[in-house]
Amino acid sequence: MPRLRRRDYALPADELAPRLLGHTLVRLLDGTRLAGVIVETEAYLGPEDRAAHSYNNRRTPRTEPMFGPAGTSYVYFTYGMHHCMNIAAAEVGVPQAVLIRALEPTEGLDTMRAHRATPRRPVAALRPADLCSGPAKLCQALAIDRSLTGLDLTASDQLWVEAPARDTTTGSGFLQIHTGTRIGVGYAGAWARRHLRYFLCGHPHVSSRRTGGRPWKPQGGGNPAGP
DNA sequence: ATGACGATTTACT
DNA sequence: GTAAATCGTCATA
């Protein structure tokens, strides 16, 4: 499938985040494709968004990629041991990004298992849902770390996003897109309560809270909204 | 130079 | 449900 181009990424983060659902994240590692379908994302809206690393336009070597062109990778290290991957949205100078929170792994599962294995959890014990069902898990499975921050995903030969066979924006023909509150941002006050998390409701590879939230742009016959 | 803190995961009670 | 693991980043001095 064709990779996304600049104009595909050049949207406000809260429009890009639901759009990416159903698309495939591809990591080429030593000639091997490691890939999965994006099933959960979160939007971070930049200067106004207290939950964002770029809150108040904080611009440092770490956050710099978010100020770059849409489609730039932003990978950060946190809790002394985990990496998380985002894709810059909006336009140059506007530090918005979409956090990739979960994938349904589709290619290179054996390599992913090897990356995720530990003495306590050997390869044989790992199930598909243990590989990419969280922002740090998928980075470990796909071997994504800070060396991959600041990449142009429209040109990189290591990391990119491919379009799905069909447009999944509305969720038609697939699981319905739901929204909910972002995870792990309780410190963000009112911004923590905004529905900026997007996921395929009930999908087994979503990180947590597989259900809940409310339908996004409900199609005909959708459930009534309510928090 | 120093200290506080994570856009998390895992194991354990 | 709670807690530990573990260190780069950032603000303050």
Side-chain angles (χ1 to χ4, degrees), chain A residues 12-14 16-18 20-21 25 36 38-68 72-90 94-103 105 112-150 179-199 204-210 212-213:
Chain A
D14 55 347
L16 178 60
L20 288 175
L21 298 176
L25 179 67
I38 298 169
V39 299
E40 181 183 356
T41 58
E42 283 176 358
Y44 286 84
L45 299 183
E48 315 270 293
D49 183 355
R50 197 166 149 200
H53 292 164
S54 53
Y55 175 57
N56 209 27
N57 267 314
R58 184 170 53 173
R59 189 166 188 161
T60 66
R62 178 178 67 137
T63 63
E64 184 63 29
M66 283 193 280
F67 290 82
T72 300
S73 64
Y74 167 49
V75 181
Y76 66 88
F77 181 68
T78 190
Y79 290 104
M81 62 191 95
H82 298 303
H83 294 276
C84 294
M85 184 204 157
N86 302 251
I87 300 174
V94 179
Q96 298 190 354
V98 174
L99 172 69
I100 308 300
R101 282 199 59 92
L103 308 174
M112 293 186 196
R113 266 187 275 267
H115 290 161
R116 291 274 301 141
T118 66
R120 298 288 301 261
R121 302 192 64 176
V123 167
L126 290 171
R127 305 168 340 175
D130 298 318
L131 301 178
C132 301
S133 56
K137 294 181 188 177
L138 71 89
C139 282
Q140 187 178 20
L142 303 202
I144 294 170
D145 63 21
R146 277 169 300 170
S147 71
L148 299 186
T149 200
T179 66
T181 56
R182 292 173 294 182
I183 293 176
V185 298
Y187 56 82
W191 281 89
R193 264 164 258 133
R194 289 193 48 174
H195 279 220
L196 292 170
R197 172 172 175 256
Y198 306 84
F199 59 102
H205 294 266
V206 164
S207 68
S208 61
R209 302 191 227 165
R210 286 181 197 176

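Treat the numbers as computed from the prediction; the structure is a model and nothing was measured. We name chains A, B, ... by the order of the sequence lines, and we start the count at 1 in each one.
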Identify whether any heavy atom of [X] sits under 4.0 Å from a base atom; if not, whether one sits that close to sugar-phosphate; answer base, sugar-phosphate or nothing.
{"X": "A/F77", "answer": "sugar-phosphate"}
{"X": "A/A136", "answer": "sugar-phosphate"}
{"X": "A/T60", "answer": "sugar-phosphate"}

Take A/T118 and A/I183, find for each the nucleotide of DNA chain B with the closest heavy atom, and name the residue whose nucleotide sits nearer the 5' end. A/I183

Return the value, rounded to whole Å, for the distance between atom [atom1] of [X] and atom [atom2] of [N].
{"X": "A/L99", "N": "B/dT8", "atom1": "CG", "atom2": "C1'", "value": "11 Å"}
{"X": "A/L126", "N": "B/dT9", "atom1": "CG", "atom2": "C1'", "value": "13 Å"}
{"X": "A/Y198", "N": "B/dA7", "atom1": "OH", "atom2": "C1'", "value": "15 Å"}
{"X": "A/Y76", "N": "B/dC5", "atom1": "OH", "atom2": "P", "value": "18 Å"}
{"X": "A/L131", "N": "B/dT9", "atom1": "CG", "atom2": "P", "value": "13 Å"}
{"X": "A/D130", "N": "B/dA11", "atom1": "CG", "atom2": "C1'", "value": "14 Å"}
{"X": "A/R121", "N": "B/dC12", "atom1": "CZ", "atom2": "P", "value": "12 Å"}
{"X": "A/E40", "N": "B/dT8", "atom1": "CD", "atom2": "P", "value": "10 Å"}

With heavy-atom distances below 4.5 Å as the criterion, would you say the side chains of A/Q96 and A/P12 are in contact? yes

How about A/V98 and A/Y198: do any of their side-chain heavy atoms sit closer than 4.5 Å? no

Report the residue (A/G80 or A/R62) whose heavy-atom-nearest nucleotide on DNA chain C is the more 5′ of the two. A/G80

Has A/R193 got more than 12 heavy atoms of other residues, nucleotides or ligands less than 6.0 Å from its CZ? no

By a 5.5 angstrom centroid cut-off and a 30 degree plane limit, is there stacking between A/Y44 and B/dA7? yes

To the nearest 0.5 Å, tell me how far A/I87 CD1 sits from A/L25 CG. 6.5 Å

side-chain contact (heavy atoms from CB on, under 4.5 Å) with A/C132: which of A/M112, A/H205, A/R116? A/M112

Does [X] place a side-chain N or O at less than 4.0 Å from the phosphate oxygens OP1/OP2 of [N]?
{"X": "A/R116", "N": "B/dT10", "answer": "yes"}
{"X": "A/R101", "N": "B/dT8", "answer": "yes"}
{"X": "A/H53", "N": "B/dA7", "answer": "yes"}

With sequence neighbours left out, what residues match A/S54 under side-chain contact (heavy atoms from CB on, under 4.5 Å)? A/A52, A/M66, A/P95

Nucleotides bounding contact with chain A, strand DNA chain C, heavy-atom threshold 4.0 Å: C/dA5 to C/dA11

Nucleotide forming a Watson-Crick or wobble pair with C/dC7, both distances under 3.5 Å: B/dG6

Pairing partner of C/dG1 (Watson-Crick or G-U wobble, both distances under 3.5 Å): B/dC12

No-hydrogen, no-angle side-chain donor-acceptor test under 3.5 Å, A/S207 and A/R101: yes

Between A/D130 and A/R121, does any NZ, NE, NH1 or NH2 come within less than 4.0 Å of an OD or OE carboxylate oxygen? yes

